[in-house]
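Okay, so here's the structure we're looking at.
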Amino acid sequence: MSRSAHPAGPRHADVLTEGHYSAPPTDLNALDEKVWARTVRRNADGVVTVGGIEVSRLAEEFGTPAYFLDETDFRARCRAWADAFGRDADVFYAGKAFLSRAVVRWLQEEGLNLDVCSGGELTTALDAGMPAERIAFHGNNKSTEEIERAVRVGVGRIVLDSFQEIARVAHIAQSQGKRQRVQIRVTVGVEAHTHEFIATAHEDQKFGIALADGQAAEAVRRALRLDGLELIGIHSHIGSQIFDMAGFEVSARRVVQLLAEVRDEHGVELPEIDLGGGLGIAYTSEDDPREPHEIAKALTEIVTRECESAGLATPRISVEPGRAIVGPTAFTLYEVGTIKPLEGLRTYVSVDGGMSDNIRTALYDAEYSVALVSRTSDAEPMLTRVVGKHCESGDIVVRDAFLPADLAPGDLIAVPATGAYCRSMASNYNHVLRPPVVAVNEDGARVIVRRETEEDLLRLDVG
Ligand SMILES: *Cc1c(COP(=O)(O)O)cnc(C)c1O
């Protein structure tokens, strides 16, 4: 019986078999630089540091559980993406991976644009001073209020996701006396995840307008006719945690084919194409992600080649990495609570957080690594499952992990690569308080999203 163990979710099952785990690492004290944020080290006393600060000090000052985000690493990754794509392309950070006002300021300073997909994300972006023209608005069910506001503040583009939305955005823009820049999100029949992709004609999911059966062509026809819209291009987002560029290859080919059809039918060459995000990161030592410059080179080559063969000028490319920028930059620090050895099975290690601060293991059977970070140990490796404190047996943080056999209550352990889709998906299940996000740079550590308090909980509960 196989379990799903796929970042894309249970319907992408048959990837890992139950009980799959690699052999214990040769050195439990080693920190694989692939999965840890750039300034993470283990110092001479055996304590892990980030930005030169010991995790034990961080735990004292900020408590546990907490997310520690390496600002130096975040900024370096932003720059790497911006430099890799250069002046002929635009990089939009996908805010849903993790968004806060500090993050918005870093993005601005490093020259990135921003994707939002709700009024709340838009508010965060604008409040932190992101110029509206550098914001793209996404989502399959934007409310009328969200659209009205996006048009009013002048977002750089709205990505249209349905026929209703084409009409709705056009109407709203016109009633404000504006012409809104838009892209049409198409589904190209490519589902790409990690090392596989599936190319089909149809996709059974909620996003976008199908290329199949001429639907996307009809969407373009309508958008071009409406005065309230300035159609600037076609958008395609094919999956998540992707390592293999072949899915992008098929997607780009299909999008370029649509651009050629649009030129033939309307005599218009749409100037932009957006290939979405979804680029993979290393959650464990077994993952081998590509560098931004390799991705940029591959994507640019694919689009250029396809356009040449279709006789089109190469459009301006945009990409939307979320996970690939923020994912590797943070780790979650937990304190070990109870330890329960189950004879012949494994040892359950309970931490002071769980599925409320990292739902990805429960939701997608995602894989993570974990390390003892408050000290080193020469003890034998023991097979553990790191679990949370919630009233739910699926409350698993790391399904299969080796930790030293002398692990004890009070030890600090850390789960790396939790920068994306952990705090942003955090919940209050069991009225557990959501952890803070602490940014660390060469000047020290500071809270950028504070820990939730019991007062916060009661404030929403009006009695
Ligand atoms: C989620 C999403 C992204 C970002 O995906 P990552 O896996 O975080 O890179 C980009 N674009 C769109 C449209 C998305 O929905």
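In this chain, numbering begins with 1 at the start of the sequence shown. Reckoned from all heavy atoms, side chains included, excluding hydrogens, waters and symmetry mates. Whatever order the structure lists ligands and atoms in, that order sets their numbers, starting from 1.
Rounding to the nearest 0.5 Å gives a distance of 9.0 Å between CD of E230 and CD of Q180. Separating the CD1 atom in I302 from the NZ atom in K297 is a distance of 11.0 Å, to the nearest 0.5 Å.
Scanning the protein heavy atoms around atom 10 (C) of ligand 1, the nearest turns out to be E320 O, 3.2 Å. Protein heavy atom in closest approach to atom 7 (O) of ligand 1: G278 CA, 3.3 Å. For atom 8 (O) of ligand 1, the nearest protein heavy atom (residue, atom name, distance) is Y421 OH, 2.5 Å.
Close placement of the H138 and H235 rings is indicated, their centers lying within 6.0 Å of each other.
Using cut-offs of 30° and 60° on the angle between ring planes, the pair F68 and F331 is tilted.
K34 and D287 are not joined by a salt bridge, as no carboxylate oxygen comes within less than 4.0 angstrom of a charged side-chain nitrogen. Using a 4.0 Å cut-off between charged side-chain N and carboxylate O, E320 and K96 make no salt bridge.
Contacts between A94 and ligand 1, counted as non-hydrogen atom pairs separated by less than 4.0 Å, involve the side chain only. Contacts with ligand 1 closer than 4.0 Å are made by heavy atoms of both the backbone and the side chain of R323.
Listed by atom number, the atoms of ligand 1 under 4.0 Å from G322 heavy atoms are 6 (P), 8 (O), 9 (O). Heavy-atom proximity to G277, at under 4.0 Å, picks out these atoms of ligand 1: 9 (O), 10 (C), 11 (N). Close approach to R185 involves these atoms of ligand 1, each under 4.0 Å from a residue heavy atom: 13 (C). Taking every heavy atom of P321 and a limit of under 4.0 angstrom, the matching atoms of ligand 1 come to 9 (O). Remark: ligand 1 atoms within the under-4.0 Å shell around heavy atoms of H138 are 13 (C).
Atom 1 (C) of ligand 1 has its nearest heavy-atom neighbour, among Q241, H237, H235, K96, in K96.
Judged by the 6.0 Å distance and 45° axis criteria, R323 is not positioned over the aromatic ring of Y421.
Under the side-chain contact (heavy atoms from CB on, under 4.5 Å) rule, W106 has a single partner from I325, L112, I448, which is I448.
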